[in-house]
Protein chains: 2
Amino acid sequence: MNRKSTATAARGGTVPDVDEAARAEIAARAWQGLRTLVLDRHDRRREVCDALGMSFIRAKALRHLVAGELTMRQFAERLAIDPPYATLVVDDLQRRGLVLRSPHPSDRRLRMVSLTPAGTRAAESAERILNRPPAAVADLDAADLAALDRLVAKLLG
Amino acid sequence: MNRKSTATAARGGTVPDVDEAARAEIAARAWQGLRTLVLDRHDRRREVCDALGMSFIRAKALRHLVAGELTMRQFAERLAIDPPYATLVVDDLQRRGLVLRSPHPSDRRLRMVSLTPAGTRAAESAERILNRPPAAVADLDAADLAALDRLVAKLLG
DNA sequence: CCAGATGGTTGTACAGATATAACATTTCGC
DNA sequence: GCGAAATGTTATATCTGTACAACCATCTGG
């Protein structure tokens with residue numbers, strides 16, 4: 001099924017395939033649990049939309065601009081939307097006074113999108129809601145919390 | 001900010017607030033990492049939609065029916081959609097031959113929605129895609145995997 | 001039996017998202 | 001300079017999802 005098990009089988013390994021299967025099962029269960037945790041138990045998207053009074057993709061847009069200004073094209077790619085829709089989203093955010101378009105100093109084809117102070121505040125508000133750990137995580141004891149932190153860091157590479 | 005820190009402060013605890021703040025910071029970082037992992041790095045919704053040729057809510061509908069048949073109302077509640085839209089979704093899935101409506105034996109107001117064999121296969125296909133652990137998880141060594149499994153179980157209560 | 005509650009459907013309206021083609025402007029390689 | 005490519009916008013169409021009002025059938029409690 002995967003590299004490791006075939007290699008083991010190929011050299012007539014002493015470790016039976018059962019272990020590999022058990023590992024896969026644990027991995028599947030853990031992953032499924034992580035999905036349940038993030039997507040079912042503690043999905044805060046609705047809360048963010050209500051708090052900011054905008055669709056989730058607009059909130060996501062603001063959050064992606066916190067790191068710095070982007071060209072329209074980069075903006076569209078980051079949000080996995082196509083350029084025409086990016087124009088609509090930025091139009092809307094601009095009407096709300098949350099972002100502004102400015103010309104690129106050297107390439108006059110490009111338009112840089114950046115956050116206004118109000119946009120920055122809105123983005124931070126969204127981050128605060130999304131990143132607030134659920135009680136289950138916050139209430140872990142110090143050892144478990146450290147273990148989780150280490151594992152997450154490892155998983156993110 | 002939370003029960004523990006106030007209690008500590010109240011009895012003039014020897015443990016300084018800094019520890020509580022550090023804990024909160026670790027929890028926030030871990031939670032943020034979990035969100036990144038599930039939502040940004042390994043979001044398989046698109047893949048499921050492409051594989052099944054339907055919108056994600058329809059795939060979600062099929063998955064919720066695997067456990068057994070539901071009334072239209074239960075179905076709508078499980079998917080967090082309103083009854084009229086539930087009708088549209090079931091209509092569509094029925095046209096595709098993936099679900100069927102049958103009368104309730106005793107209450108003739110109710111209509112039970114259940115999976116057809118084809119619907120069951122589609123639902124299982126979706127589960128397989130969604131629950132396939134990403135390489136980062138599958139490649140953890142046995143100890144880390146066990147630790148993750150234990151933590152996830154704990155977090156899910 | 002009758003009034004009210006429940007379950008499901010139909011219809012309508014609208015916001016959100018996605019895809020495509022067409023267009024003007026600007027840049028860049030030749 | 002000129003044609004090709006890149007960038008952003010406009011327009012159009014379609015699909016998806018959300019919300020609300022109205023309706024019919026059925027059940028429940030009196």
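So that the names make sense, note that chain A is the first sequence line, chain B the second, and so on, each numbered from 1.
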Distance under 4.0 Å to a non-hydrogen atom of chain B counts as contact; along DNA chain C, which nucleotides mark the start and end?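 Going 5' to 3' along DNA chain C, contacts run C:dT6 to C:dG11.
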In this structure, which one of B:T120, B:V99, B:V90 forms a side-chain contact (heavy atoms from CB on, under 4.5 Å) with B:L65?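 It is B:V99, the one option of B:T120, B:V99, B:V90 that forms the side-chain contact (heavy atoms from CB on, under 4.5 Å) with B:L65.
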Starting from the 5' end of DNA chain D, give me the residue, A:R46 or A:M72, whose nearest nucleotide shows up first. A:M72
Heavy atoms of chain B, cut-off under 4.0 Å: which first and last nucleotide of DNA chain D, 5' to 3', fall inside that, if you could look? D:dT16 to D:dC27
For B:V38, is there any backbone N or O sitting under 3.5 Å from a side-chain donor or acceptor partner on A:W31?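 No: the side chain of A:W31 does not pair with the backbone of B:V38.
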Using modelled atom types and a 3.5 Å cut-off, is there a donor and acceptor pairing between side-chain atoms of B:R111 and backbone atoms of B:R101? no
Please compare A:R108 and A:M54 by the position of their nearest nucleotide in DNA chain C and report the one closer to 5'.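 Checking each residue's closest nucleotide, the 5'-ward one belongs to A:M54.
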Using a cut-off of 6.0 Å, state whether more than 12 heavy atoms not belonging to B:R96 lie near its atom CZ.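 Yes.
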Exceeds 12 heavy-atom contacts within 6.0 angstrom, atom CZ of B:R29: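 Correct, the count exceeds 12.
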side-chain contact (heavy atoms from CB on, under 4.5 Å) between A:D92 and A:L98: does it pass, once the steps are laid out? CA-CA 9 Å; A:D92 179 76; A:L98 302 177; over 6 Å; no
Using a 4.0 Å heavy-atom cut-off, does [X] contact any base of the nucleic acid, only the sugar-phosphate backbone, or nothing at all?
X: A:I57; answer: sugar-phosphate
X: A:D82; answer: base
X: A:L88; answer: nothing

Taking A:R132 as the fixed residue, which of A:E127, A:H42, A:E47 is the one that meets the side chain to side chain donor-acceptor pair (under 3.5 Å) rule?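 Exactly one pass, corresponding to A:E47.
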In plain terms, say whether A:D19 and A:R23 are close enough for a salt bridge, that is, a side-chain N and a carboxylate O under 4.0 Å apart. no
